[in-house]
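Only one structure is covered here, and it is reproduced in the block below.
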Amino acid sequence: MEADGLGAGERPRERAEPREGERRPLLVEEADRSGDPCLGIARREGGGGRVLPLGRHRALEPLERDAVEHLCAPVRPPRRPCEGRELRLRRAAGERGRRLEGRDEDRPAGCKLRVQERLRAHRRGRVRPHSLGGPPGLAGLGVPPGPGEREAEVEPDEGAPRMRARKPVELRDRSAGPAGERGADAGSEAPVAREQPPSRRAVAAAVEPLRPAQPLRLRIGPQAELVEEERRRPRAEADGLPGRVRVAAPDEHRRGYRGSRGRGREHGDDEHDACSRAHGRDDTVAILSIPMTGYRELLRRVRAEIEEIDAQSARELLEGPDHPPLLVDVRRRDEWDEGHIPGAVHIPRGSLESRIEKAQPDREQPIVVYCSAGERSAFAARTLGELGYEDVSSLDGGFTDWKRNGFPTQVDRALDPQRRTRYGRHLLIPEVGEEGQLRLLDSKVLLIGAGGLGSPAALYLAAAGVGRLGIVDADVVDESNLQRQVLHATADLGTPKVDSARAALEALNPDVDVVGFRERLTSENVDRILGEGWDVIVDGADNFPTRYLVNDASVWHDIPVIHGSIYRFEGQTTVFKPGSGPCYRCLFPQPPPPELAPSCAEGGVLGVLPGVIGSLQANEALKLLLGIGEPLVGRLLLFDALAGELNEVAIRRDPDCPVCGEHPTITEYVDYVEFCAGVHA
Amino acid sequence: MSVVRIPPTLRDDTRGEREVIADGETVRDLLDDLTARFPSLEGKLEFANVYVGGEDVRTRDGYETTVSAGDTVILLPAMAGGS
């Protein structure tokens, strides 16, 4: 291949190898006179080639470079070499080709979306496809002219052979000349952009499938520079020009399009196809302009592209009656911790692309982004635009300006680095996160009993960082407890369980404040103990009187109870939540006679069974505290360790329940021992 | 013919069986059939909640709730054990 014009004698490296005999533009890299790598479009004709340099590709931003590649190289080489039979098959498939119509049905919906997003991205950038309506399935992709855009119509020279790189089409802005005249004299048309600011080394590239003798229509965005090239201008002279325009033949892209079908299609090829196809249907043009920029210049350009909103208007929007925009703080964590706008979500700039869809899946909803001064948020706003968000604005002046206006700010309580490490696995779960963890640290759970059920429940709640654990247990640690009561150790024998539990739990997690009640729960002390403001009660009692007492008290104190009971190989758990589900009396209005309800001490229990049920209770407690998931309200979970089965039965609120029913008949504590023994006497 | 799940506290009365096949069109018939075959259950079943297809019969027709062939019937007395 021979480098045309600007080539400094270096053999250009081909970036895309066409199939033999196929005519289509190539994207090549070559060096310009100063030795800088350039990007160019080459066209292979019968073994020879021409290169039309596009300019210094160093200056190409990824998006634009990408676009050039899209437009120039609709057929990419297969990423994996294929040989022999496979190659023949692929070639055969490619040569058979496919009709353009009906192709979109084959294409997964996601591909269309990607194309759409890319086109939106182009709109945000400086690549401006003119009109992409037409092909089935791609309807509605038409991009209306944006503010500051204008259209130019250009006619190719009908007499000139098409597709000659040496004879580029002259592009003139008809809107600047006499209106409505097609094919007017060159003298009556103004060149689109002849002068370039000296600070810019721009590239203008337009790659266009053109139906013969049809006018080429250009849309020129405010940022785009279109460069005219004089037909007779010697190539050497053109060197200083910021760019070239290339017009491609109408059938080239189609052939390229078909060709890609025959090759191993991989991700991304669909976009190429759609892009070239859309271009193949319409006379569309993309224009690139890539000035060399410093930060200030880049910021200026980005700010010109995005919407900005001042603090006053933003506040009115946020507090207005209409659907308020999602407010996104893109600053660093430490900046956020020092204060932020109330109601904002924190997505650091570095995570914006990956996390914004979770925060706002609907791309039509308005978003306001802010940082400290409005610079990072400007880039963030552009990024969101590239992601397809349609209504994004950046808070001008940022948080600094917001504060200067005296508008409300908020300082969140935050986890310190040590806790952030300790609860790191919780923080990673979106349903918990920092807010949930802070909530757990603020929570208070009362455990009735530090025995079989209470042990695992307390351990897991303490490990999870529940801030205060109350434990009601009058017993001391007995050797027969150690088979299952994992809170206590052999060295604790004879020690009050509340003390042994406190030592174990505080050793596990110093964040937990353990409050011991070394007493049996009775009608006399229940109000005092429950009155300490518990969020949840975990009931691991070992007798019916305590269970009925806990039930009645919890209904009157309006505290949810996580119920658990075990016997031999079987256990049950459920959540009694006053007001929204049944209570224990709804489930079991009366206790069975003692001979039908032996305790674990009488009937025995498999050591691991309380571990299962107590852990399920801790799980339910955490769900209630965090307000997540489906708590076991109105559902009794039955676990059979021998069968390895977990069953569930529905339990319903009894409207005639004597405690939580519509007309309660029990309104104060009764003698629960007598109640449980006396009924059957 | 329905499968009746026997709670652990009543298994001494069903010769250790966890599940027993019983006959009857209603819950009452089923329980009568059980009591006939395992006489020591007499007087104990009334303390158990009965669930047919996962629903408490008290929320349906009580002991007159019809039981279709193939329904699993769960007997569930209260258990106090927690330690």
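In what follows, every chain begins at residue 1, and chains take the letters A, B, ... in the order their sequences are listed. If you're wondering where the values come from, they're calculated on a predicted model, not measured in any experiment.
Note: A:Phe588 leads A:Phe569, A:Phe588, A:Tyr567 in heavy-atom pairs under 4.5 Å with chain B. For the options A:Arg547, A:Arg635, A:Gln485, heavy-atom pairs under 4.5 Å to chain B are most numerous at A:Arg547. Considering only heavy-atom pairs separated by less than 4.5 Å from chain B, the leading option among A:Glu570, A:Glu602, A:Arg568, A:Glu648 is A:Glu570.
A salt bridge is defined here as a Lys NZ or Arg NE, NH1 or NH2 lying under 4.0 Å from an Asp or Glu carboxylate O, and A:Glu645 with B:Arg18 meets this definition.
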Next item on the list: Walk me through it: do B:Tyr51 and A:Leu638 pass the test side chain to side chain contact (heavy atoms under 4.5 Å, CB included)?
Entry: CA-CA 12 Å; B:Tyr51 298 87; A:Leu638 310 172; over 6 Å; no
Next item on the list: Quick one: do A:Arg652 and B:Glu55 satisfy side chain to side chain contact (heavy atoms under 4.5 Å, CB included)? Show the steps, please.
Entry: CA-CA 9 Å; A:Arg652 303 208 193 284; B:Glu55 288 285 339; 2.6 Å; yes
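Below 4.5 Å, heavy atoms of chain B meet heavy atoms from A:Gly452, A:Leu453, all part of residues 452-459 of chain A. For residues 605-617 of chain A, heavy-atom neighbours of chain B at less than 4.5 Å comprise no residues at all.
The minimum heavy-atom distance between A:Cys600 and B:Gly81, with the atom names listed, is SG-CA, 3.9 Å. Closest of all the heavy-atom pairs between A:Leu587 and B:Arg58 is O-NH2, 2.9 Å. Scanning all heavy atoms of the two residues, the minimum distance from B:Ala78 to A:Tyr584 falls at CB-OH, 4.0 Å.
B:Ser83 contributes atom OG, which lies 13.5 Å from atom CD1 of A:Ile448 (distance to the nearest 0.5 angstrom).
A heavy-atom distance below 4.5 Å is not found between the side chains of A:Pro592 and B:Met79. The closest side-chain heavy-atom distance from A:Leu636 to B:Leu76 is below 4.5 Å. Within the 4.5 Å cutoff, the side chain of A:Val649 has heavy atoms near those of the B:Ile74 side chain. A heavy-atom distance below 4.5 Å is not found between the side chains of A:Glu595 and B:Lys44. Residues B:Phe47 and A:Pro593 form a side-chain contact, since some pair of their non-hydrogen atoms from C-beta on lies under 4.5 Å apart. Counting heavy atoms from C-beta outward, B:Leu10 and A:Leu596 have side chains that approach closer than 4.5 Å.
Heavy-atom distances place both the backbone and the side chain of B:Thr9 under 4.5 Å from chain A. Only the side chain of A:Asp640 comes within less than 4.5 Å of a heavy atom of chain B; its backbone N, CA, C and O stay farther away. In this structure, chain B has a heavy atom under 4.5 Å from the side chain of A:Ile651, while its backbone stays farther away. Both the backbone and the side chain of B:Pro8 come within less than 4.5 Å of a heavy atom in chain A. Neither the backbone nor the side chain of A:Asp473 comes within less than 4.5 Å of any heavy atom of chain B.
Within a 6.0 Å radius of CD in B:Glu25, other residues, nucleotides and ligands contribute 12 heavy atoms or fewer. Heavy-atom contacts from other residues, nucleotides or ligands closer than 6.0 Å to OH of A:Tyr669 number more than 12. For B:Glu46, the CD atom counts as densely surrounded, since its 6.0 Å shell holds more than 12 non-hydrogen atoms of other residues, nucleotides or ligands.
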